[in-house]
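These notes are about the structure you will find just below.
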Amino acid sequence: MISTADRTMSFREALATQRWDDHRFYHHSRINQTLHLISAISFVVAYVYLFVDPVVSAFLGWGVSMVTRQSGHFFFEPKGFDRENGVTHAYKEEIKVGYNLARKYVLMAVWALSTLIPWATPTLLGLCAPWADAYGYAHHVAVLWIAVGAVAVLLRTGWLMATVAPRHGLVWMTKILTDPFHDILIYWKAPLALLRGELLDPMTDWPEPLRRLG
């Protein structure tokens with residue numbers, strides 16, 4: 001994004017800047033925001049279930065949270081010239097800190113194809129006991145999905161640390177891991193706006209505590 005984690009900022013200020021840039025550049029659509037709200041609630045539940053039942057956590061995190069979240073970006077977010085920020089869609093794709101649409105297509109393809117791996121190697125290359133029933137298969141898929149998510153975050157974090165600055169990568173990783181809680185905070189009104197017929201966010205109601213940090 002345009003505003004990187006400037007060395008003169010505190011970690012908290014840099015985090016708020018990345019969050020504000022992410023919102024103002026990539027979340028104009030009220031449908032996209034509503035889908036992010038659904039995704040965020042599902043992710044919070046998935047976080048809890050990670051310590052209870054990884055299968056439930058993985059299927060909530062990927063099957064519900066990621067599908068709704070990325071559907072908002074793929075199908076509903078405007079792809080034309082961004083008049084509010086004065087930049088083109090191509091430019092926003094180029095300067096995206098995290099996963100832009102091209103990277104997201106690859107990530108979602110890897111996620112979808114990973115469901116076939118337990119058929120090819122029922123033991124996941126010797127890492128697990130062979131699956132014997134539907135739940136066993138789902139468990140192996142869940143392990144792969146959790147691994148795909150972890151690797152995706154770590155790879156992008158490492159890339160940003162190496163190509164921009166170590167703290168920049170850590171700020172982005174913090175943002176990604178806390179996005180579910182933050183999205184609930186800023187997008188809980190999006191469904192109400194949709195009911196009023198408002199399809200695009202005018203970008204004028206950023207919550208005051210976060211505006212002070214942005």
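Every residue two or more places apart in sequence or in another chain was checked for a side chain to side chain donor-acceptor pair (under 3.5 Å) with Ser29, and none qualifies. With sequence neighbours excluded, the residues forming a salt bridge (Lys or Arg N to Asp or Glu O under 4.0 Å) with Lys92 are Asp82, listed by chain and number. Scored by the salt bridge (Lys or Arg N to Asp or Glu O under 4.0 Å) test, Glu93 finds no partners at all (sequence neighbours excluded). Partners of Leu50 according to the side chain to side chain contact (heavy atoms under 4.5 Å, CB included) rule, which considers only residues two or more places apart in sequence or in another chain, are Ser57, Ile146.
Counting only distance, with no hydrogens or angles, the side chain of Thr157 and the backbone of Leu170 share no donor-acceptor pair below 3.5 Å. Not one N or O on the side chain of Ser65 forms a donor-acceptor pair closer than 3.5 Å with the backbone of Trp62. A distance-only check finds no donor-acceptor pair linking the side chain of Arg30 to the backbone of Pro191 [under 3.5 Å]. The backbone N or O of Met66 sits nowhere less than 3.5 Å from a side-chain atom of Ser39 that would complete a donor-acceptor pair.
The shortest side-chain heavy-atom distance between Pro54 and Val143 does not fall under the 4.5 Å cut-off. A 4.5 Å side-chain heavy-atom check between His36 and His73 finds at least one atom pair inside the cut-off. The shortest distance between side-chain heavy atoms of Arg19 and Thr178 falls below 4.5 Å. In this structure, the side chains of Tyr49 and Val52 come closer than 4.5 Å at one or more pairs of heavy atoms. Considering only heavy atoms from C-beta on, Leu144 comes within 4.5 Å of Pro118 through its side chain. A heavy-atom distance below 4.5 Å is not found between the side chains of Tyr187 and Thr34.
The same ILVMFWY cluster, assembled from side-chain heavy atoms under 4.5 Å apart, contains both Val67 and Val141. Leu101 and Leu35 fall within a single hydrophobic cluster, where Ile, Leu, Val, Met, Phe, Trp and Tyr side chains are chained together by heavy-atom contacts under 4.5 Å. Residue Leu177 is grouped with residue Val171 when hydrophobic side chains (ILVMFWY) are merged at heavy-atom distances under 4.5 angstrom, including chains of intermediate members. Criterion: ILVMFWY side-chain heavy atoms under 4.5 Å apart, direct or through other members. Under it, Met161 and Leu15 are part of a common hydrophobic cluster. Ile117 and Leu113 fall into different hydrophobic clusters, where Ile, Leu, Val, Met, Phe, Trp and Tyr are joined by side-chain heavy atoms under 4.5 Å apart, directly or via other members.
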Requested in this report: Begin with the C-alpha distance, continue with both residues' side-chain angles, and end with the deciding distance and a verdict on salt bridge (Lys or Arg N to Asp or Glu O under 4.0 Å) for Asp201 and Arg24.
Outcome: CA-CA 9 Å; Asp201 187 344; Arg24 70 190 179 101; over 6 Å; no
**Report entry** Stepwise side-chain contact (heavy atoms from CB on, under 4.5 Å) test for Leu60 and Ser42
**Finding:** CA-CA 6 Å; Leu60 277 174; Ser42 178; 3.8 Å; yes
Report task. Could you check Tyr91 against Phe81 for side-chain contact (heavy atoms from CB on, under 4.5 Å), going step by step and ending with a plain yes or no? Result -> CA-CA 10 Å; Tyr91 179 73; Phe81 185 79; over 6 Å; no
Requested in this report: Could you please spell out the steps behind the side-chain contact (heavy atoms from CB on, under 4.5 Å) verdict for Asp22 and Lys175?
Outcome: CA-CA 10 Å; Asp22 185 59; Lys175 174 192 169 297; 3.5 Å; yes
Query raised in the report: Could you walk me through whether Leu107 and Val148 pass the side-chain contact (heavy atoms from CB on, under 4.5 Å) check?
Result: CA-CA 8 Å; Leu107 177 60; Val148 168; 4.0 Å; yes
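Here the shortest heavy-atom pairing between Arg167 and Phe11 reads NH1-N, 3.5 Å. The two residues Asn32 and Phe76 make their nearest non-hydrogen contact at N-CB, 4.4 Å. Minimum heavy-atom separation, Ile184 to Leu37: CA-CD1, 3.9 Å. Taking each heavy atom of Gln70 and Lys104 in turn, the nearest pair found is OE1-CD, 3.0 Å. Contact record, Arg156 with Tyr99: CB-CE1, 3.6 Å, taken as the closest heavy-atom pair. When all heavy atoms are compared, the tightest approach of Asp183 to Ala40 is CB-CB, 3.8 Å.
For the pair Lys96 and Tyr26, the cation-pi test (distance below 6.0 Å, angle within 45°) is passed.
Counting only residues at least two apart or in different chains, side-chain hydrogen bond (donor to acceptor under 3.5 Å, both in side chains) contacts with residues 105-114 comprise Ser114-Trp145. Sequence neighbours left out, the pairs with a member in residues 133-142 that pass side-chain hydrogen bond (donor to acceptor under 3.5 Å, both in side chains) are Asp53-Tyr135, Trp119-Tyr137.
More than 12 heavy atoms of other residues, nucleotides or ligands lie within 6.0 Å of CZ in Phe59, so this atom counts as buried by the packing criterion.
To the nearest 0.5 Å, atoms CZ (Phe25) and CE (Met203) are separated by 10.5 Å. Of the inter-residue distances, the one linking Lys189 atom NZ with Leu194 atom CG reads 14.5 Å to the nearest 0.5 angstrom.
Taking the six-membered ring for Trp and thresholds of 30 and 60 degrees, His23 and His27 have nearly parallel ring planes, at less than 30 degrees apart.
Judged by distance alone, the side chains of Gln33 and His28 never bring a donor and an acceptor atom under 3.5 Å apart.
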